[in-house]
Amino acid sequence: GGALSHPHRRACSGPCLFPQIAFICLVALRSVTDNTPTPMAQQALQQLHLDEQAQGEMSEQKEPLQQQGATMPAASTAVAVGAKLPCGHPRIDPGPCVCVRIKALKLKKKSSEGLSPEEQAELRELFEQAEPIWVSEQILRVRRNDPAQRELSLRKEILTREQVLDLFEGLQHNTSLQRLFLGTILIDDAEAVVLGNSLKVNTRLNKLNFLSVDMRGQSVHLLYDALRSNNTLVSFLTGDELLNTAIDILRTRTNDPTLSCLNLRCTYGYRAAYYLNDAMMCDVAEALKANTFVTHLSASKGTLRAQGTEALTMLIRSNTTLASVDLGACVFETTDALRAALKENTTLTKFVARDERLNFILQLNCLKRNDPRLVKLELTIKDDNFPADSGVLLADALKENTCVKSLSCFASRSFYHRRPQSVFGEAGAVALVEVLKANKSLLISELKLIDCSIGVAGALALAELLKTNTTLREIDVTRNDLTPAGVAALTEVLWNNATLTRFAADTPSLGLIVQINCVSRNERCFCGIFDTRGLTDEHAIRLAEGLLQNTFVTRLRINLLHLKDTGLIALTKAIATNRFLQALYLDGDRAQQPEVQKGLVHFFRMLGENGTVERLEIMGSSLDDEVVASLGEALKTNTVLKKLALDSCRLDDAKVVVLATALEYNSTLSTLSLRYNTFKSSGISALAHTLQVSMALTELDLGSRSDTTAAGLDALAEALQVNLSLRKLTLGVIHHDYNARRKLAEIRVMLQDPVRQAAAGGWN
């Protein structure tokens with residue numbers, strides 16, 4: 001317990017272990033080139049030797065310790081450094097081993113008496129002192145092949161290079177250790193050679209985990225070759241993906257029933273030496289020959305030349321368990337034999353590589369053999385490497401198919417060699433539609449033909465199909481020029497269709513018709529209309545008729561761009577009687593037209609009658625004085641609306657004063673957003689007066705304003721002294737007015753006041 005010559009305190013009758021610990025740390029600072037201590041380390045080591053000699057000459061205190069009837073042996077200088085003590089540990093300094101005291105404290109800890117805080121601190125210090133002894137003992141047990149040692153965990157210990165080499169060398173003749181867990185270690189070629197030789201002959205170890213920092217490529221390949229000869233390891237986790245991949249290949253070769261997906265994690269950093277190559281592909285093909293459990297093979301990138309491609313081809317021809325092969329961006333030197341193998345394969349349903357033709361060939365094969373596993377078909381057809389009649393080939397493969405339920409085809413045309421027509425083309429679209437009409441057993445519910453150059457002929461054929469088809473639920477024909485004649489034909493058919501729930505096209509009115517039909521049919525799965533571009537009076541009137549009986553639509557967006565007062569008034573009457581709508585969104589920059597303003601007046605008067613709408617958002621619509629007045633009157637009587645957003649509505653000071661006056665009578669609106677408007681200090685002062693009168697608002701958004709003056713902020717600050725319910729206030733960035741910036745800082749402090757937070761239930 002007394003102080004030594006250095007700041008540490010004596011923990012036992014021997015000298016402090018600090019010099020030995022420092023010695024081990026400094027040895028680790030060896031030069032990377034010649035493994036010799038650096039000049040700085042040599043000087044420090046010489047000083048440490050002098051310190052050790054000085055401490056050895058110090059008088060040793062002998063303090064006997066009672067330990068369950070036994071006494072702690074006194075320090076004995078007769079035992080040389082490196083020789084064994086009576087406890088079995090080698091001596092590392094002239095003092096006694098600390099294991100006796102550790103055992104005594106452990107026994108006391110397990111007893112009913114327990115340890116005092118001082119004894120707990122002493123035990124932690126003793127553990128730190130005994131750590132080098134314990135590590136050396138464990139490595140010695142490995143080298144001696146201790147039959148009682150089946151698991152060794154050194155995750156928290158820092159091992160020197162000599163200890164790592166001793167441990168790996170001990171594994172060569174060890175037949176007892178099954179699981180070894182290490183922390184972060186440095187593996188050079190020497191360590192890799194020793195570990196590799198041990199793994200080649202070791203037949204007991206099945207788990208080896210460690211983290212290696214910046215392992216060199218030569219070391220990785222040395223261990224990879226060793227793992228190819230090992231038949232017992234089932235878990236080998238390191239910081240290098242290539243070694244982890246080697247263990248997965250080993251598990252595949254031993255037919256491990258727990259491994260169903262072989263992931264070749266060979267994209268370590270940016271080094272091409274770690275990518276999928278011929279040697280690895282040959283190993284995988286050899287491992288999968290007798291495997292009956294792996295169904296998925298995946299990799300990220302690489303290059304397969306003649307040997308690797310041949311191994312993959314033979315694997316596809318012979319394997320009967322693989323269901324999918326995903327090689328990511330892997331490139332093949334030649335694909336002729338591979339394409340022939342994919343045409344004859346009877347087990348695969350997916351093959352992904354940089355060459356999309358390979359997957360296309362396999363998918364056609366699956367369609368022709370009517371594979372029941374292929375329910376969702378997704379194809380990407382590129383112009384530069386696909387046959388010109390790809391669409392016709394796809395249609396021919398579907399003639400006898402009865403399993404596909406979803407068909408998605410994206411014809412990605414090359415940016416540099418963009419053809420005017422996709423290889424899928426008009427002929428492919430017409431042929432596909434004819435197959436869908438003729439094959440009554442092919443019940444496709446989802447059809448996507450994106451950027452497939454569908455023109456007037458394809459649109460007319462699709463319209464004819466929709467007259468009789470009752471299985472299609474979703475259709476996507478975006479990025480196709482349907483032409484006015486095709487759009488007209490589809491419009492007429494879609495109004496009478498009773499099965500579609502989604503129709504996506506570059507003409508938004510087609511999709512809107514399908515949405516209106518869903519509202520009229522009261523579709524349970526349809527809860528909102530969000531895309532109302534192209535909404536006309538005809539659409540609005542039919543939508544209003546559907547809303548009168550609909551019970552599932554809760555959100556409705558109304559675009560005012562092509563709407564007039566007739567359609568808007570019809571929607572207003574339907575919304576007033578509907579008891580299920582909860583959110584309304586209005587947008588469109590045509591609100592300044594007189595007929596639209598007339599409809600908005602009726603729309604806002606409806607808010608006083610509707611008892612379900614809790615959220616109203618209007619964006620990008622100019623509101624005149626009459627419309628704002630009608631909105632104000634509705635707010636005075638409405639008791640349901642909780643959020644109101646009037647963003648980019650060109651509200652000036654006079655209009656904001658009208659709204660602020662109306663909000664003084666409203667007790668339910670909690671969130672108000674007035675972003676991107678033109679009002680200034682007068683409008684802000686009116687809102688501040690409302691905050692003093694009404695305590696309903698909890699969030700006020702006046703953001704995106706840089707012209708807020710100090711007068712408006714003074715009014716807000718005065719209101720916040722009275723109003724304790726406002727939790728969130730958003731203001732714009734003020735750049736020039738110093739007084740305004742200072743007042744803004746005061747408001748921020750007021751909002752963070754603990755009293756306000758407690759009253760408002762927390763500050764956001």
Side-chain angles (χ1 to χ4, degrees), residues 179-180 187 192 195-210 212 215 217-269 271-305 307-330 332 347-348 351-353:
R179 296 174 293 276
L180 176 60
I187 290 187
L195 179 58
N197 293 335
S198 299
L199 293 179
K200 288 180 181 179
V201 297
N202 188 288
T203 59
R204 190 63 173 172
L205 192 67
N206 54 46
K207 285 188 178 181
L208 175 58
N209 297 357
F210 64 87
S212 179
M215 193 184 304
Q218 183 65 24
S219 302
V220 171
H221 287 290
L222 285 172
L223 291 179
Y224 181 81
D225 293 336
L227 291 172
R228 295 170 64 183
S229 305
N230 187 287
N231 294 319
T232 57
L233 276 174
V234 296
S235 176
F236 188 85
L237 299 178
T238 70
D240 196 285
E241 295 289 358
L242 185 59
L243 298 181
N244 298 334
T245 299
I247 284 296
D248 285 347
I249 297 175
L250 172 62
R251 294 172 61 191
T252 303
R253 187 165 61 243
T254 57
N255 204 16
D256 186 352
T258 62
L259 184 66
S260 61
C261 178
L262 178 56
N263 182 14
L264 305 179
R265 302 180 296 271
C266 47
T267 57
Y268 187 80
R271 292 175 283 189
Y274 287 77
Y275 297 161
L276 180 63
N277 50 34
D278 291 350
M280 185 180 295
M281 193 68 248
C282 292
D283 290 345
V284 171
E286 184 68 23
L288 286 171
K289 278 186 178 180
N291 188 281
T292 57
F293 295 103
V294 175
T295 57
H296 303 280
L297 174 64
S298 64
S300 297
K301 61 177 66 175
T303 301
L304 294 183
R305 305 194 183 278
Q307 185 181 4
T309 306
E310 182 182 359
L312 179 60
T313 302
M314 296 302 298
L315 173 65
I316 292 175
R317 291 184 185 275
S318 59
N319 187 278
T320 58
T321 58
L322 279 176
S324 67
V325 176
D326 187 350
L327 301 182
C330 185
F332 301 95
T347 59
L348 284 174
F351 189 94
V352 178

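We use all heavy atoms of the structure for the numbers below, so side chains are in, but hydrogens, waters and symmetry mates are not. The model shown is predicted, which means the values in this text are computed figures rather than measured ones.
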Taking all atoms of both residues into account, what is the closest heavy-atom pair of [X] and [Y], and its distance?
X      : Y      : value
Ala311 : Ala285 : O-CB, 3.8 Å
Leu276 : Ala299 : CD2-CB, 4.2 Å
Arg253 : Asn230 : NH2-O, 3.7 Å

side-chain contact (heavy atoms from CB on, under 4.5 Å) partners for [X], two or more places apart:
X      : result
Asn319 : Leu288, Leu315, Thr321, Leu322
Glu286 : Lys289
Asp278 : Leu304, Arg305, Gln307
Thr313 : Thr309, Arg317, Ala337, Leu338, Ala341

Quick one: list whatever passes side-chain hydrogen bond (donor to acceptor under 3.5 Å, both in side chains) with [X], sequence neighbours left out.
X      : answer
Thr254 : none
Thr292 : Asn255
Thr303 : none
Thr295 : none

Rounded to the nearest 0.5 Å, how far apart are [atom1] of [X] and [atom2] of [Y]?
X      : Y      : atom1 : atom2 : result
Ser324 : Leu348 : OG    : CG    : 7.5 Å
Leu312 : Phe351 : CG    : CZ    : 5.0 Å
Ser300 : Asn263 : OG    : CG    : 7.0 Å

(request) Say whether, by atom type as modelled, one donor and one acceptor occur between the side chain of Thr232 and the main chain of Leu205 under 3.5 angstrom. (result)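 Judged by distance alone, yes, a pair lies under 3.5 Å.
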(request) Report yes if the side chains of Thr252 and Val284 come closer than 4.5 Å at any heavy-atom pair, otherwise no. (result)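 Thr252 vs Val284: side chains apart.
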(request) Go through the steps for Asn291 and Leu259 under the test side chain to side chain contact (heavy atoms under 4.5 Å, CB included), then give the verdict. (result) CA-CA 10 Å; Asn291 188 281; Leu259 184 66; over 6 Å; no
(request) Mind jotting down which residue pairs meet the salt bridge (charged side-chain N to carboxylate O under 4.0 Å, His left out) criterion with at least one end in residues 318-328? Sequence neighbours excluded, please. (result)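 Residue pairs with at least one partner in residues 318-328: there are none.
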(request) Show the numbers, then the answer: is there a side chain to side chain contact (heavy atoms under 4.5 Å, CB included) between Ile316 and Val325? (result) CA-CA 10 Å; Ile316 292 175; Val325 176; 5.5 Å; no
(message) Test of understanding: with salt bridge (charged side-chain N to carboxylate O under 4.0 Å, His left out), list the residues that count as partners of Arg251, not counting sequence neighbours.
(response) Asp248, Asp256
(request) Write out all pairs satisfying side chain to side chain donor-acceptor pair (under 3.5 Å) with one or both partners inside residues 201-210, taking only residues at least two apart or from two chains. (result)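 Found none.
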